[in-house]
There are 2 protein chains.
Amino acid sequence: MPRQVDHDERRRRIAAAVWRLAAAGGLEDATVRRVAAEAGVPARQLQYYFGSRDDLLLGALDLLNRDGEAEAQQRVAALGATPAPREVLRSILLELLPLDESRRQRQLVHAAYFVRFLADDGLRERIRDTPPELEALIALLLPEQHRDEADFLLAGAAGLQGAVLLGQMSAERAVELIDRQLDRLFPAAA
Amino acid sequence: MPRQVDHDERRRRIAAAVWRLAAAGGLEDATVRRVAAEAGVPARQLQYYFGSRDDLLLGALDLLNRDGEAEAQQRVAALGATPAPREVLRSILLELLPLDESRRQRQLVHAAYFVRFLADDGLRERIRDTPPELEALIALLLPEQHRDEADFLLAGAAGLQGAVLLGQMSAERAVELIDRQLDRLFPAAA
DNA sequence: CACGTAGTGATACGGTCGTACCAGAATGGA
DNA sequence: TCCATTCTGGTACGACCGTATCACTACGTG
């Protein structure tokens, strides 16, 4: 075998360029040539490592999701060995808010893919699974009769994400609103 | 003056084509030529009635918002002369869900514009005003100490919109979740 | 030390993009 | 009637798009 190269590193470098462009101006700004320029590699490399443009956008999204899940699990793990259910739930909900540049960019990229999710069959599969999974996890953390509250809590966090991204609400306020809901669902007496 | 033509009708016809394309495939599908074909008019007319492509997208968004507000007010008015606060609030929240094709398309178009809202200064102004206005309205309908609940309720409805659009949740379930929250905030005793 | 393979680099092609341009058709007021 | 003006239609241009192609370099293995 000739010249060995770190494929994953190359793909990640290119994917990161896709993220930056998509977060800043939507998917239409993530053209092959522009992504190549942003990544600092010849356009030919995108063909070699991803294939067509659609494959590139798909691959970049997969890497983004992998990163996101890893970050989220890391933050949950940081809560300690036997964290209180409330703190686990809080950590999951806060994962949906753009509380740092990493989450903010990830959520912007997701927003850029949003409409395409609906039209593209391949993409639709890639998200229809995730949030029911989240719902189930949250349901585990709340008393069983709170199923409705769990679902609405998740939706609320997602909605707050939008408001914060658009600058309509501060991140601090969003966190405060979530904490107020948690206060209600986890009474101090318990 | 020569040949008089209904400008508003032309603009609306073209804008509707923008909506259909943007809702189906995102803003990048709304090219000048494709919009013209979808609207059934020569591409030259888009130039004449809107100017540049950016002006077209901006104008189409304005028309969309005007339509949305009119529809919403109409539905609120349909509640009768002196509707109960709970019903007004419910109507406003349901306006955020894709409960019919009109709302669904409008919300999809908004989603298509979302990332662009953040980058484009002209667009950012066009939305930063609206939802604080909504927050204030909702605050009026709830007891004053429920400010946090009002804000979270609004966020929850927005989050449910995303889940329903993505097919992760049925519209009926979303309405049910909102009604459960309203049950809590408007105790039967009151 | 070759040789076959992994990876690079440049370029070319057909298509579509947004927009400028211009000649002409239609029509209300003089 | 005829002119000024509103509106239409077609076309042309340069830029950029995604992708295919092909010659080339570099290197682990035999």
Original post:
Which pairs pass ring pair (Phe, Tyr, Trp, His ring centres under 6.0 Å) with one or both residues in residues 64-83 of chain B, sequence neighbours excluded?
Top reply: none
Subject >> Separation of D:dT19 P from A:R34 CZ (nearest whole Å) >> reply: 16 Å
**OP:** Please work out which residues in residues 19-32 of chain B have a non-hydrogen atom less than 4.0 Å from an atom of DNA chain C and list them by number.
**Re:** B:T31, B:V32
Subject >> Results of side chain to side chain donor-acceptor pair (under 3.5 Å) for B:R13 - residues two or more places apart only >> reply: none
Original post:
Taking only residues at least two apart or on different chains, which pairs with a member in residues 9-49 of chain A satisfy ring pair (Phe, Tyr, Trp, His ring centres under 6.0 Å)?
Top reply: A:H7-A:Y49
**OP:** Please give the angle, rounded to 10 degrees, between the axes at the start and the end of the helix from C:dC1-D:dG30 to C:dG24-D:dC7, where five pairs define each axis.
**Re:** 10°
For residues 29-38 of chain B, please give each side-chain donor-acceptor pair under 3.5 Å, one per line with the distance, not counting sequence neighbours.
from: B:T31; atom 1: OG1; to: B:R34; atom 2: N; distance (Å): 3.2
from: B:R34; atom 1: NE; to: B:D29; atom 2: O; distance (Å): 3.3
from: B:E38; atom 1: OE2; to: B:R20; atom 2: NE; distance (Å): 2.5
from: B:E38; atom 1: OE2; to: B:R20; atom 2: NH2; distance (Å): 3.3

**OP:** Taking side chain to side chain donor-acceptor pair (under 3.5 Å) as the test, write out the residues that go with A:D179, two or more places apart.
**Re:** A:R90
**OP:** Ignoring backbone atoms, test whether B:H7 places a side-chain nitrogen or oxygen under 4.0 Å from the OP1 or OP2 oxygen of D:dT6.
**Re:** no
Give me the distances for all protein-to-nucleotides 9-14 of chain D N/O pairs that come in under 3.5 Å?
from: D:dG9; atom 1: O6; to: B:R44; atom 2: NE; distance (Å): 2.9

Original post:
Over how many whole Å does the gap from A:Y48 atom OH to D:dT21 atom C1' extend?
Top reply: 15 Å
Subject >> For B:R173, salt bridge (Lys or Arg N to Asp or Glu O under 4.0 Å) partners two or more places apart >> reply: A:D148, A:D151, B:E176
Subject >> Test side chain to side chain donor-acceptor pair (under 3.5 Å) applied to B:Q181 - qualifying residues, sequence neighbours left out >> reply: A:E149, B:R184
Original post:
What residues form a salt bridge (Lys or Arg N to Asp or Glu O under 4.0 Å) with A:D55, not counting sequence neighbours?
Top reply: none
**OP:** Report the residues that fulfil side chain to side chain donor-acceptor pair (under 3.5 Å) with B:R106, sequence neighbours left out, ordered by chain and then residue number.
**Re:** B:E71, B:S102
Original post:
Counting only side-chain N and O atoms of B:R10, is one of them less than 4.0 Å from OP1 or OP2 of D:dT6?
Top reply: no
Original post:
Does a side-chain N or O from A:Y49 land closer than 4.0 Å to OP1 or OP2 of C:dT8, or not?
Top reply: yes
